There are 2 protein chains.
Amino acid sequence: MARKTGSHSDITGPRVRSAARSLIARHGFAAVTMRQIAREVGVQAGALYLYTPDKQTLLFDLMKSHMDELLEAVSSVDLSGPPERALEAFARFHIAFHLDRAEAVFVAYMELRNLTEDNFAVIEDQRKTYENLLERILQRGRASGVFAVHDTKLATMALIAMLTGLTTWYREGGRLDRGDIQDMYWDMVRKAVGADAALSA
Amino acid sequence: MARKTGSHSDITGPRVRSAARSLIARHGFAAVTMRQIAREVGVQAGALYLYTPDKQTLLFDLMKSHMDELLEAVSSVDLSGPPERALEAFARFHIAFHLDRAEAVFVAYMELRNLTEDNFAVIEDQRKTYENLLERILQRGRASGVFAVHDTKLATMALIAMLTGLTTWYREGGRLDRGDIQDMYWDMVRKAVGADAALSA
DNA sequence: CTAGGAATTGAACGTACGTTCACCTAACTT
DNA sequence: AAGTTAGGTGAACGTACGTTCAATTCCTAG
């Protein structure tokens with residue numbers, strides 16, 4: 001036996017990435033074997049190497065394309081308005097984006113230490129770029145007096161951690177709907193940085 | 001060659017746990033080998049099995065004793081006062097405790113998925129117990145009107161994520177000292193839940 | 001000073017890993 | 001209808017894993 005009916009690179013490639021993402025999110029990169037990924041895709045382990053040169057690159061590509069998507073998506077969010085508005089836009093974007101991609105986010109945050117030095121540097125740089133968007137909003141808000149933040153770097157890390165944390169407990173079809181979650185998180189973010197109340201759309 | 005001068009179970013045991021904790025925090029449980037741990041301790045791999053029945057139990061014991069310590073330590077924090085006071089006590093305790101044990105915390109939060117089902121249930125239960133302490137404070141505060149929190153469960157997760165996140169960026173001897181960090185995080189926590197300002201000791 | 005147990009070695013066991021490769025076959029081109 | 005090739009198999013490679021255990025050495029008690 002060899003090639004099965006209806007097999008196509010266009011189909012298998014994405015399926016490999018999807019299976020890898022899912023398994024890595026559940027069990028961790030080091031704990032997942034190429035044979036497990038292959039089984040999930042319905043293919044032999046050797047076939048995976050038509051789609052990635054090696055396991056490390058598979059992880060890196062997963063994380064890289066996630067960060068690319070994140071930066072691409074956030075680039076169309078308007079963060080140029082008044083700081084309170086920009087912060088709300090950022091927070092709501094962050095939550096919505098992360099709710100849609102819980103597995104990818106989980107991988108991107110948990111598997112940093114399994115990247116080679118070079119690969120780590122690339123992802124870390126992208127992450128910094130993203131976090132800087134938030135920090136600049138906080139800086140503007142502090143400068144104009146609407147935010148009461150002692151240290152914008154620490155506040156940035158605190159807010160990112162809080163917002164990203166939702167991927168650890170959020171499950172599709174749970175008690176809370178996405179809109180509620182966005183509203184409640186935004187409420188906490190807004191108050192945490194001391195933005196004055198009530199500035200809806 | 002066999003036993004080296006000055007070797008003692010009382011010394012090697014803790015060193016095994018410490019080396020394991022350190023390596024697992026840096027590289028992840030699945031990526032760390034028994035031989036690496038042994039090398040760090042200065043011992044052969046076989047000797048580790050005098051101190052743990054197997055690798056999985058080593059991880060579990062690390063996490064279990066960390067959670068035991070956490071619950072033991074928090075039990076002597078007075079959380080019975082007014083909600084704002086209790087929240088401050090909890091936040092400051094959480095930060096101080098976690099700053100002292102960055103590696104253990106990192107392991108306890110990142111390696112949950114590498115526990116067997118039974119072991120996971122134990123740790124998860126302890127974690128829930130701890131989080132419930134915070135949630136009860138939030139509930140009391142909301143009931144008495146000093147906290148403005150829409151959903152205490154979500155707020156609990158958000159605050160824990162924010163506070164625990166500091167272990168991902170805090171490094172000994174960095175720009176900020178521990179007191180500053182406590183003050184700034186407490187400030188954000190207090191405002192996030194809508195506790196009225198200025199209620200220092 | 002000597003026996004006996006505690007601590008540790010070093011080699012070995014079976015298993016499973018990531019990766020390679022010669023071969024095969026279904027589908028597209030002409 | 002034949003030829004080409006992308007897509008895939010399945011077996012094999014060397015390595016490294018977790019774990020076991022007989023043998024060895026150091027320490028302690030009497």
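Residue numbers begin at 1 in each chain, while the letters A, B, ... track the order of the sequences. Computed from a predicted structure; not experimentally measured. In what follows, every heavy atom counts, from backbone to side chain, and hydrogens, waters and symmetry copies are set aside.
- Nearest to the side-chain atoms of Lys55(B) among the listed nucleotides dT8(C), dT19(D), dG8(D) stands dT19(D).
- Between Glu124(B) and Lys128(B), no side-chain nitrogen of the basic residue sits less than 4.0 Å from a carboxylate oxygen of the acidic one, so the salt-bridge criterion is not met.
- Non-hydrogen atoms lying under 4.0 Å from DNA chain D are contributed by Val32(B), Thr33(B), Met34(B), Arg35(B), all within residues 16-35 of chain B.
- For Asn132(A), the side-chain hydrogen bond (donor to acceptor under 3.5 Å, both in side chains) criterion is met by no residue, not counting sequence neighbours.
- Atom-to-atom, CG of Asp54(A) to C1' of dT20(C) comes out at 13 Å; the value is rounded to the nearest Å.
- Going from atom CZ of Arg15(A) over to atom P of dG7(D) covers 15 Å, rounded to whole Å.
- Counting to the nearest Å, the P atom of dC17(C) and the CD1 atom of Ile37(A) are 11 Å from each other.
- Ring-centre distance between Phe120(A) and Phe60(A): not below the 6.0 Å cut-off.
- Considering only residues two or more places apart in sequence or on other chains, Asp118(B) meets the side-chain hydrogen bond (donor to acceptor under 3.5 Å, both in side chains) condition with none of them.
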Extract all donor-acceptor atom pairs below 3.5 Å that involve side chains of residues 29-36 of chain A and protein atoms in other chains or at least two apart in sequence.
unit_1   : atom_1 : unit_2   : atom_2 : d
Thr33(A) : OG1    : Arg35(A) : N      : 3.4
Thr33(A) : OG1    : Gln36(A) : N      : 3.0

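- The phosphate of dG8(D) (OP1 or OP2) has no side-chain N or O of Gln44(A) nearer than 4.0 angstrom.
- Of the two residues contacting DNA chain C, namely Ala47(A) and Gln36(A), the nearest-nucleotide position lying further toward the 5' end is that of Gln36(A).
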Show me the donor-acceptor pairs, under 3.5 Å and distance only, between side chains in residues 13-25 of chain A and residues at least two apart or in other chains.
unit_1   : atom_1 : unit_2    : atom_2 : d
Arg15(A) : NH2    : Val41(A)  : O      : 2.3
Ser22(A) : OG     : Glu103(A) : OE1    : 3.4
Ser22(A) : OG     : Glu103(A) : OE2    : 2.9

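- Atom CD1 of Ile11(A) and atom P of dA27(C) are 12 Å apart (whole Å).
- Rounding to whole angstrom units, CG of residue Leu48(B) and P of dT8(C) are separated by 10 Å.
- The list of side chain to side chain donor-acceptor pair (under 3.5 Å) pairs with a residue in residues 150-165 of chain B, not counting sequence neighbours, reads Arg175(A)-Asp151(B), His94(B)-Thr164(B), Glu135(B)-Thr152(B), Glu135(B)-Lys153(B).
- Here the side chain of Val43(B) is nearest to one of dT20(C), dT19(D), dT8(C), namely dT8(C).
- Atom-to-atom, CG of Leu50(A) to P of dA6(D) comes out at 11 Å; the value is rounded to the nearest Å.
- Of all nucleotides listed (dT19(C), dT19(D), dG8(D)), dT19(C) comes nearest to the side chain of Tyr49(A).
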